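These figures come from a predicted structure and were not determined experimentally.
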Amino acid sequence: VSDMRPTVAITYPWPVSLTLREALSSRVVVADGGMGTMLQGFDLTLDDFGGLEGCNEILNVTRPEVVAAIHRAYYEAGADAVETNTFGANLAALGEYGISHRIGELAEAGARIARQVADELATPERPRWVLGSMGPGTKLPSLGHVAYADLRDGYATQAAGLIRGGVDGFQVETCQDLLQTKAAVVGAKRAMAEAGVRLPVCVNVTVETTGTMLMGSEIGAALTALEPLGIDVIGLNCATGPAEMTEHLRHLARHARIGVACMPNAGLPELTSDGAFYPLGPTDFADALDGYVDEFGLCLVGGCCGTTPEHVRQLSERVRGRGIGPRTPQAPASVSSLYADVPLR
């Protein structure tokens, strides 16, 4: 299947001078992914979490001002886009707390917070975008932890809430299982078809230090399996710092016919008595991605765990608005198992 993208036109209920899709095809977009990192810096109580300790998405209704402050900090640091506080607003993650019936509510609330801040700071010369974060959850369908159809429908509910809240696109991220990733993409597309909109879908897979995704999938398998679903951007996030992503990004740059993204951690995490410590400072982080933008033709860059507004500020000063580096991808027809892709000869 060469193209499964719907032909419905995008309709925006909010004013924009440049759509996210147009930007991703013409220039480098800087996005944040450090909501979890920043939340750890607030003195939040169990009451703030509604008794559901660690459920960050509840803060969208109990402490929206905290979530808004984090979005504002990243925008003011230079981010073009922020990710909604909805990473865990899915069937598996909210199911752990017994509140999976609140997927749509929490997704919509998270999107509205980010949308409001984006609109406050946007100008005709400097649009601000909102990416609806769709995380992997806690169940792996390839191992039978959850039925694919249930997972897909849960993602459709999440995506519908994000659309109602006003997102400009979707960020399916930290993907560890290709079947889970497919469920998220198909769920997002079903929600868009129902709402009559077409928004860009960005997918970031997570490649561990072992060189594969958690389920053992190589980067070639991920590209072969996911690109035909009609996504707009494919890239990497989480698990490692930029250095460990080099070869996987090189493969995407050589073979992906869609945009390529990179949103690494601030280096490989080091366990300390105070928790995880990320060693890569803002300058070194910006240095790494500055080089990758040209070398791999990236269209979307940003940070994941351990990255702060200062990381985004220095990155933005280096690359924001830069034209996308030229690529001449060679994409041989291939098929893929869960683990590897095989070219058809």
Side-chain angles (χ1 to χ4, degrees), residues 5-16 18-21 24 31-33 35 50 55-68 70-72 75 80-95 97 99-122 127-137 150-173 183-203 230-232:
R5 283 172 276 198
T7 57
V8 181
I10 305 175
T11 56
Y12 290 93
W14 53 91
V16 293
L18 178 70
T19 69
L20 178 59
R21 187 186 299 279
L24 289 170
D32 93 281
M35 175 62 68
C55 184
N56 291 342
E57 291 68 31
I58 285 291
L59 299 173
N60 293 336
V61 294
T62 62
R63 294 296 303 274
E65 75 283 1
V66 170
V67 178
I70 293 173
H71 290 321
R72 187 171 290 105
Y75 277 133
D80 298 303
V82 299
E83 293 185 18
T84 56
N85 181 37
T86 56
F87 182 82
N90 54 58
L91 179 69
L94 293 188
Y97 295 99
I99 56 169
S100 56
H101 60 284
R102 300 184 66 181
I103 292 174
E105 171 203 351
L106 296 177
E108 181 176 351
R112 289 193 183 281
I113 295 168
R115 180 80 265 154
Q116 181 177 353
V117 178
D119 290 346
E120 288 174 4
L121 299 176
R128 304 299 181 106
W129 297 291
V130 176
L131 284 167
S133 173
M134 302 175 70
D150 293 339
L151 200 61
R152 176 203 62 207
D153 294 346
Y155 279 121
T157 300
Q158 180 188 20
L162 292 170
I163 292 171
R164 291 194 301 272
V167 299
D168 297 291
F170 301 99
Q171 180 69 72
V172 181
E173 59 182 334
V185 172
V186 173
K189 287 184 172 290
R190 289 191 174 192
M192 285 190 282
E194 180 69 22
V197 300
R198 182 182 170 214
L199 305 175
V201 178
C202 307
V203 175
I231 61 178
D232 297 86

Pairing residues for A31 by the side chain to side chain contact (heavy atoms under 4.5 Å, CB included) criterion, not counting sequence neighbours | A81, L131, M263, L300
Under the side-chain contact (heavy atoms from CB on, under 4.5 Å) criterion, do Q171 and V203 qualify, and how do the steps go?
-> CA-CA 6 Å; Q171 180 69 72; V203 175; 5.9 Å; no
Shortest non-hydrogen pair, A93 vs G88, comes out as CB-O, 3.2 Å
Please step through side-chain contact (heavy atoms from CB on, under 4.5 Å) for the pair V117 and Y75, ending with a clear verdict.
-> CA-CA 9 Å; V117 178; Y75 277 133; 3.7 Å; yes
Rounded to the nearest 0.5 Å, the CG atom of D119 sits from the CZ atom of R128 at a distance of 11.5 Å
Rounded distance (nearest 0.5 Å) linking atom CG of L106 with atom CD of E57 = 7.0 Å
I58 to G50 - nearest heavy-atom pair and separation = CG2-N, 4.2 Å
Side-chain contact, heavy-atom cut-off 4.5 Å: M134 with V185?
-> no
Which atom names give the shortest non-hydrogen contact between A107 and L162, and what distance separates them?
-> O-CD2, 3.6 Å
Test R198 against R21 for side-chain contact (heavy atoms from CB on, under 4.5 Å), laying out the working first.
-> CA-CA 10 Å; R198 182 182 170 214; R21 187 186 299 279; 3.5 Å; yes
Compare every heavy atom of A92 with every heavy atom of G137, then report the nearest pair and how far apart it is.
-> CA-CB, 4.1 Å
More than 12 heavy atoms from other groups under 6.0 Å of CD on E194 = no
Rounded distance [0.5 Å steps], CG in L121 versus CD in Q116 | 10.5 Å
Taking T86 for the side chain and S133 for the main chain, is one N or O donor matched with an acceptor at less than 3.5 Å?
-> yes
Okay, side chain of E173, backbone of F87: is any donor-acceptor separation there less than 3.5 Å?
-> no
Sub-3.5 Å donor-acceptor pair from the side chain of W129 to the main-chain atoms of G169, do we have one?
-> no
Heavy-atom side-chain proximity of R190 to R152 below 4.5 angstrom | yes
Of all heavy-atom pairs linking I103 and G154, the shortest is CG2-O, 3.9 Å
If you take all heavy atoms of G166 and A111, which pair is closest and at what distance?
-> N-CB, 4.4 Å
Spacing of CD1 belonging to I113 relative to CZ belonging to R72, to within rounding of 0.5 Å | 11.0 Å
Student check: side-chain heavy atoms of V61 and E105 closer than 4.5 Å | yes
Would you say D232's side chain and V201's backbone share a donor-acceptor pair under 3.5 angstrom?
-> yes
Validation row: T19, P127 side chains within 4.5 angstrom (heavy atoms) = no
If you round to the nearest 0.5 Å, how far is OG1 of T157 from CG of N90?
-> 11.0 Å
Who passes side chain to side chain contact (heavy atoms under 4.5 Å, CB included) against E108, sequence neighbours left out?
-> R112, R164
Any chance you could measure T84, atom OG1, to N60, atom CG, to the nearest 0.5 Å?
-> 8.0 Å
Chi angles and distances behind the salt bridge (Lys or Arg N to Asp or Glu O under 4.0 Å) call for D168, R115 = CA-CA 9 Å; D168 297 291; R115 180 80 265 154; 2.8 Å; yes
Measure from the side-chain N and O atoms of K189 to the backbone N and O of G230, and report whether any donor-acceptor pair falls under 3.5 Å.
-> yes
Go through the steps for M192 and F170 under the test side-chain contact (heavy atoms from CB on, under 4.5 Å), then give the verdict.
-> CA-CA 11 Å; M192 285 190 282; F170 301 99; 3.8 Å; yes
